[in-house]
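Since the structure comes first, as structure tokens, the remarks are kept for the end.
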Number of protein chains: 2
Amino acid sequence: MTDTKDKILDTAERLIGEQGYAATSLRHIIAEAGVNLAAVHYHFGSKEELLDEVVMRKAALVNPVRLARLDRAEALAGNKPVAVSAVLDAFFAPMVEAACAHPEFVRLMGRIHSEGLMPAIAKKHFYSTIDRFVKAFGRALPDLPESEILWRVHFMLGAMAYTMLAPPLFPQIAERETDLEQRLKLLVSFLVAGFCAPPSQREEK
Amino acid sequence: MTDTKDKILDTAERLIGEQGYAATSLRHIIAEAGVNLAAVHYHFGSKEELLDEVVMRKAALVNPVRLARLDRAEALAGNKPVAVSAVLDAFFAPMVEAACAHPEFVRLMGRIHSEGLMPAIAKKHFYSTIDRFVKAFGRALPDLPESEILWRVHFMLGAMAYTMLAPPLFPQIAERETDLEQRLKLLVSFLVAGFCAPPSQREEK
DNA sequence: GTCTATACTGAGATAGAC
DNA sequence: GTCTATCTCAGTATAGAC
């Protein structure tokens, strides 16, 4: 029976979203879920792997939608490259949609970004999606060396991570309680310009 | 005598730079420093406050230089605003210099960014510096609403954080072992364009 | 004012009975 | 599959020596 496993996953998702990963002990999770401590290690192996599964369930809400949007944009563009702004929309619009439909998703992701867990998580669950987007950016920006594309995607992910911080760095921003949709609009207009910037000339060795 | 205190600070800085904050236990630090566990709490109060002091010593290497550079750029510009690229240079060039002169500084900062500790640290030790730069960006970009300036600085800090990740997200990037100076050049050209992007029109409520 | 020795609480992990 | 009991190690707190 997977009843125990699901109870652990649901409770962990809720508590981590509310308090963060580090602040949520396994003992707190099992108390609320009404299961035994050892059951966590039986089903998941470790606290970290439990987090992985919690995240994977939520990543499934956005990554397939991102890829589908990119597919559609590429089909529309025919054999011409998709515009940078369209690639960025394919990446960020599914997050806005998921934020409306599944508010717990935003809370969880905000926590994960705030605690610096995203880089490790991204490698496990987002890498293949991001890889497709790197290729799309490469086609949209043929004058940019591939390494610079990779760095700009890197910058994008860092900016996105800080965009999802809860709370943000500046109290002036926090007061307005700008919602995620608004934040991501500001982010995308910033990123479009950044991606379209001329290549940074590199010195020869 | 502050001999004990300095030994703790030096050892903590080295071990945290090598292994990260979470992975470095106080017991490991005191063993290498040859001092007693309780001395840490006597001098610093907690592990977190120890980190604060370690970071503060290193932050003193860059933040005053940043402010001095911005002062000089503003003096040169007279009563005209300083160009965006000059503001960014004043912010990032001191990091490159510190990276060359104090390699342990980069290691420490990379760890702090990787573990998501930077937002909390920034509020304590970098906020006043960043605040001056926010004002400079505001003068350089008079058409941008102040809230959008704040968000763009936010994006900048996020991109910078990921730039300093060790290791970076993509193995293709890690292989080349791009040094910090090269990374920051790529970052600045990305950011100049992002900051200079037209305002994102906001919908009225 | 400084530092040592020791104890306390709570964390994640694990072995083995059922 | 599940649960009890236990292990190791973390950060923290305190009493008291110098």
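Values below: all heavy atoms of this structure, side chains included; hydrogens, waters and symmetry mates excluded. Proteins come first, then strands; the chains are lettered A, B, ... in the order of their sequence lines, and each starts at number 1.
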inquiry  = Using every non-hydrogen atom in the two residues, find where H125(A) and D52(A) come nearest and quote the distance to one decimal.
reply    = NE2-O, 3.5 Å
Six-ring centre of F190(B), R152(A) cation under 6.0 angstrom, axis tolerance 45° = no
key: Nucleotide nearest H43(A) when distance is taken to its side chain, options dT2(D), dT12(D), dG12(C)   = dT2(D)
query = When you match G45(A) and S25(A) each to their closest nucleotide on DNA chain C, which lands nearer the 5' end?
reply = S25(A)
task = Report yes or no: does T11(A) contribute a side-chain atom to a donor-acceptor pair with the main-chain N or O of I8(A) at less than 3.5 Å?
result = no
ask   = Quick one: which of dA11(C), dG11(D), dA13(C) gets closest to the side chain of K47(B)?
value = dG11(D)
ask   = Does any N or O in the side chain of K47(B) come within less than 3.5 Å of the main-chain N or O of Y21(B), such that one atom is a donor and the other an acceptor?
value = yes
key: Side chain R27(A), main chain L37(A), donor-acceptor under 3.5 Å   = no
inquiry  = Contact list please: residues 31-42 of chain B against DNA chain D, heavy atoms, distance less than 4.0 Å, in numerical order.
reply    = L37(B), A38(B), H41(B)
query = Just how far, in rounded Å, is C1' of dG12(C) from CD of E49(A)?
reply = 13 Å
query = Does a distance-only test, which skips hydrogens and angles, find a donor-acceptor pair under 3.5 Å between the side chain of R27(A) and the base of dG12(C)?
reply = yes
note = Quick note, L26(A) side chain, CB onward, closest among dT2(D), dG12(C), dT12(D) is dG12(C)
message = If you compare every side-chain N and O of T4(A) against the phosphate oxygens of dT2(D) (OP1, OP2), does one of them come in below 4.0 Å?
response = yes
inquiry  = Taking the cut-offs as 6.0 angstrom to the six-membered ring centre and 45 degrees off its axis, would you call K5(B) and Y42(B) a cation-pi pair?
reply    = no
